[in-house]
Every structure is written in C-alpha cells, then in structure tokens.
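What's counted below: heavy atoms across the whole structure, side chains too, no hydrogens, waters or symmetry copies.
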Amino acid sequence: MSCLVHLLRLSALLVLFTLPVVATASPVDLEAGWEYRWGDSPRLDDGTPAWLVESGTAANWQPIDFPSNPPGREGNRHVWFRITLPEGNWRDPILYIYSIDLIAQAYLDTELIYQHGTFDARGEGPFIGWPWHAISLPENFAGRQLTFRVYSNYTDIGLWGEVRLMDRPEFFAMIMNRSATDLMVSAFCLLLALLAGGFAMIHQRRQTFVGIGLFSLASGVMILAETQASQLLMATPLLWNYLAAAGYYALPVGIGLLLESWFSNHHSRWIRRLWQLHLGYLTLALGLALSGVINLSSTFPPYDALLAISLPVLFVLIATRLKQLNGEQRLIIAAYGLFALLLLLDMAVAHGLLPWQRIPVSLGALGFSLAIVAISLRHYALTQRELVELNQHLERQVADRTQDLQHMVEQLRAFSYQDPLTGLKNRRHFDEFFAHEAAIARRGSTLTLVMLDIDHFKHFNDLYGHEAGDAVLVDSARLIGEHFREADVVCRLGGEEFVVVMPGATAQQASEAVERLLDSMRRQRFLHGGEVLGCVSLSCGIANYPAHADDPIELIRLADQALYRAKHRGRDRSETYEPST
C-alpha cells in the first residue's frame, strides 16, 4: 500500500512539473540527412575507428531517412549511422533518443561522447535494457558529424522511435508530461489489484477475483515499467524491462483465469490451455533470461507471435458463446478487446509493421479498470436495494411464519407428538413439521436433513437385553438433542433411527454439528443397572436443499442414501449426499 501512495504522490508531482518550459529554440527531429554503413570499423593505431576520419564521402555510406533497420542486413550485427548536426540556439543542448537496439557508442567527430552497454574485443555485448537516452552535446556541436556505432543480435538494429535535438529542461518536461497519465493509470490498476486480491480471499467466486487481480497487477506493473518516468525513479533499465516483460506475459493468464469460470466445460478447457501455455512461456522465458542462457530481448518476438495467434483464438472461443454471457461480462470482454487491440497495434509498431507512434496502451488498461469499477458500483447499488427488499420480505415472512406456528399449536393440542421413551418428537410430528418446512424452503430458504442410526443396535440388544437397549436409546437421544441448535427439531423415527430437521442451515453447518456429536458418542460410557455397557456409535447421512435436490421432499431419500453410504464405508461416520457418477 505504501508503494501505491508514493506512486500517487509522484504522479501529482509530475503533473505540477508539466508547466510550460521556456526554451531558446524549438526541438528539432532528426528525420533526414542520415547515412548508414553495415559492418564494424577497423581501428587505427591509436584506437580511433577508421570510419570516423575518412576524407570525403565513402562509397560504402548509403543515405537513409531514419537510423533504424537499414535494408540488406543479411545477418549483420553491426551498423554505423552518421549525420551532420544542424545549428540551433539551445542553452543546454541534448540529443534525445527514444530507444536503441541494442547497445551503441556515439561519437562527435572522433570523440566518444556516449556509450550504452559494454563492447568486447569483437565489438559485441549483452543486452542491458531499452531506456531512453539523453546525450549531452557541447555548445559548438553545430555542423559537426555525429556517428553511432550499433551492435544488435535482436530482430531490430539501430536507433528507434525518436531522435530529437532539444534543451534539457524541455526534455524533462516532455518526459514528465508523457508519464503523468501512465503513472496514475498504473497506480489505479495496482490499487484495483490489491482490492481484487482481498476479495479473492473471502469471496466464493475466488477464481473470478484472482483473474481480475492478476490482470490488473500485470497491466499496472507493465505500464509502470514502460513509462519513461520509471528511469527517473530508478536508473535500472534492465530491471524495468524484466518487470515489463513479466507484466506483458502475464496479461493472458489473468484474463484466461477470469474467462475460464464463465464458460461450459468444452470452452473452459480450451481457455485453460491457452492461459497455461502463456504461463509456461512466462516461466520458461524469464527463467532462461535470468539464468543467462538467453538475452531478455530475444524472448519478446516469440511471445509476440504467440500472442498474435492466441488472441484471435481466444476471441473466436468467446464469440461462439457470447450469448451465454450477461451484460457485465460482455462489458469486461469489450474492455479487454480494446486493450488487446492497443497491444497488437503497439506490437505492430515495435516490429515496424506500422510507422512509429506512441500507442496509448495505458488507456486500454484504464478502460478495463473503469469497467470493473463501474460493475462493482452497480453491484453495490443493487445490493443496497436488495437489502431493503429482503428486510421487507423477512417482515412478511415472519408474519406468515407466526400465523403458521399458531396453526401448528392448535394442531398440537389435538395430537400427541412426543416419543414416550426418549421424550423426542415422534414420526407424526416429523411428517407434519418437515412438510411445513419444505413449503417454506420452496419460497427461497435452505433446509438440511440429517438421518442418524445407531450401529449394530440389534446385536447390542441381543447381547445386553432390551432394557439396556432402551437405556442406550434414551442417553443417545439426549446427546443428539444437545448437539443441535434450538431451531433444529430432533425426532425419533422408530427403533434406533433418528432424524434432525435443520431449517436455514447449510450442509457444512450440519456436518460440523454431526462431527461434534460423533466425537461425544465415542467418549460416552453407557450404564445400565450399575453395569458399564459397550461402546455405541452412530452412522449419519446429510442432504441439503437446494444444494442437493430440486424439491425439499427429496431430502428424505437423499439423506437416507448418504446414511447407507456411511454404513457401507465402515460406520461411526458422517456422509454428505453426493450424486452418483
């Protein structure tokens, strides 16, 4: 949470720094006058690259509009670019470069003025990230030759995005202005991820909130890592690139977890395979990169190809079952579709399929987050309205139940509903009470039934006699009654069979009560005529409406089946009804 607070504060400061900056000259984009040359320059005796001191224009230098990906690469990993710098009245001139693929040296005439990465004896070096570059220039730079030596084993080679001459204060203002929105969107996404993670821990729809939380976390981390202000926060470009890669690669995992829970088995299996494939790639790619087996930069092109295939497949799966989704789910898919489209456009720019431009990917993440927030607010309003309606419904239900109870009291006066041996309610009471509670349950409440049977009771009677058996029945009935709620009704159906009707209870609540009862039975020592009798155990079966039955009346049969399964599995245990497969 403290990280989010710092991020929000930084966003506010960046907004303040976006005030107009007075510069002595306007920025100049260097989009013409470049030349390139494939290969690496030999060295003179003093170590100066020979290509920097050539007289005249060498035939091997070819014109190019922008110093990126010249034609005829044919496996080359080295390229040189040069340009004659124009005049301009800047107080603190710098050359701003959006990014470089992958490492480079910059020379002003023959003087090395900037280096990104480390070159070995062969002129090669490892990938160290894709930061922006601000190269300081001397006051007398106008008319002098600026030359770049670039090495890349990546799909792209050269400078990328923007190359611009400008004043340093204006450069920082530009970085802050570009980053303010991204930082606020990132903080918003991370806050949403935190909230979704909290709901995932307490809500029944855990996978839905896990998917939302992971997607929000991935998008928030990716946007923060890719915003240009991140380099001002911490000058570790490779770390930011690892975070950006982790967020980028995890996006389909988050949306896959979310969508998987919305569809039937066939479609959910395909969606699960897609997000598991992306999760496998994330783990493998980052693991190999961190271990030094491959460069992180080489993991992006295969992933982009994977994403370009999996995204259309995912949307085809969604489109074929779109009618099954409700309005909220369609809104989330539409928001994700916009985000995915912006990702694909950004990917196309990165691979040169579209002209360079800054794609507002953060707006896609913001749209997705706002859709989640809008849905959450709508649910909150609906919940408040439902609470009012529920209160009114409960008041009516209490009135109806009071009337029904008065009617039952009148009937109890005419009949005896008590078992003479145990003092529990008898079967007649059970039949009427259960029918009454079943009718109430059909109006929208829950109902649980527990069937209990004393194990091997006939053998017990044969061994100790019927009087001892009656004593055990009385003590067992007392124990059963002590382990259930006041609202629950315990009845003796006959012989050693008992039943408990639990209005408004879930199967889990019934199971917990039964387990406490079974534990007490195991510790109970039955006495008759001063003689300690043998141990007695219970077998129990549980069934719940509406979890296990479409009609509450079915609970008798289902609880009896669960009781039979408890007997079959060794007795002295409880079983909750499960449909046979």
Side-chain angles (χ1 to χ4, degrees), residues 397-398 400-443 445-455 457 461 466 469-507 509-518 520-521 524 526 536-545 549 551-563 566 574 577:
Q397 198 173 45
V398 168
D400 293 341
R401 191 176 183 89
T402 300
Q403 185 177 1
D404 292 340
L405 287 174
Q406 289 175 348
H407 180 67
M408 289 181 62
V409 169
E410 294 176 359
Q411 289 184 323
L412 286 173
R413 293 173 182 173
F415 300 100
S416 173
Y417 293 92
Q418 193 172 44
D419 175 60
L421 176 65
T422 62
L424 299 176
K425 300 299 182 182
N426 59 18
R427 188 177 193 110
R428 176 186 293 176
H429 180 82
F430 166 75
D431 291 339
E432 295 187 8
F433 184 79
F434 180 71
H436 176 264
E437 292 301 322
I440 293 176
R442 292 190 188 99
R443 300 174 192 169
S445 61
T446 61
L447 181 62
T448 298
L449 199 67
V450 181
M451 304 289 289
L452 308 98
D453 188 271
I454 299 177
D455 297 325
F457 190 70
N461 274 340
H466 289 281
D470 289 344
V472 168
L473 286 173
V474 172
D475 288 343
S476 298
R478 177 183 53 79
L479 277 176
I480 294 171
E482 290 174 353
H483 284 78
F484 289 89
R485 308 171 306 175
E486 291 184 1
D488 302 332
V489 176
V490 183
C491 302
R492 181 190 177 197
L493 296 182
E496 68 273 21
E497 295 180 349
F498 300 87
V499 65
V500 184
V501 184
M502 304 180 67
T506 64
Q509 291 172 322
S511 179
E512 292 171 356
V514 168
E515 289 300 328
R516 291 192 294 269
L517 170 62
L518 293 178
S520 296
M521 288 292 292
Q524 177 69 26
F526 294 92
V536 174
S537 63
L538 290 174
S539 294
C540 308
I542 301 170
N544 172 266
Y545 171 87
D551 189 336
I553 297 298
E554 287 290 310
L555 293 181
I556 298 175
R557 179 177 60 84
L558 301 184
D560 196 62
Q561 288 183 12
L563 172 62
S574 170
Y577 173 75

Margin query: Asp431: which residues meet the side chain to side chain donor-acceptor pair (under 3.5 Å) condition with it, sequence neighbours left out?
Written below: none
Notebook entry, point to check: Residues two or more places apart in sequence or in another chain: which of them pass side chain to side chain donor-acceptor pair (under 3.5 Å) with Arg401?
Noted result: Glu437
Which residues pass the salt bridge (Lys or Arg N to Asp or Glu O under 4.0 Å) test with [X], sequence neighbours left out?
X	value
Asp400	none
Glu554	Arg557
Glu496	none

Tell me, please, which residues at least two apart from [X] pass side-chain contact (heavy atoms from CB on, under 4.5 Å).
X	answer
Ile556	Phe430, Phe434, Leu449
Ala507	Ile542, Asn544, His548, Thr576
Arg516	His483, Glu512, Ala513
Gln418	none

Margin query: Is it the case that the side chains of Ser537 and Asp455 hold a donor-acceptor pair, with the cut-off being a distance below 3.5 Å and no angle test?
Written below: yes
Notebook entry, point to check: What residues, two or more places apart in sequence or in another chain, satisfy ring pair (Phe, Tyr, Trp, His ring centres under 6.0 Å) together with Phe433?
Noted result: His429
Checklist line | With Phe526 via ring pair (Phe, Tyr, Trp, His ring centres under 6.0 Å) - residues at least two apart | finding: none
Check: Is there any salt bridge (charged side-chain N to carboxylate O under 4.0 Å, His left out) pair reaching into residues 479-492, and which pairs are they, with sequence neighbours excluded?
Finding: Asp419-Arg492, Arg478-Glu482, Arg485-Asp488
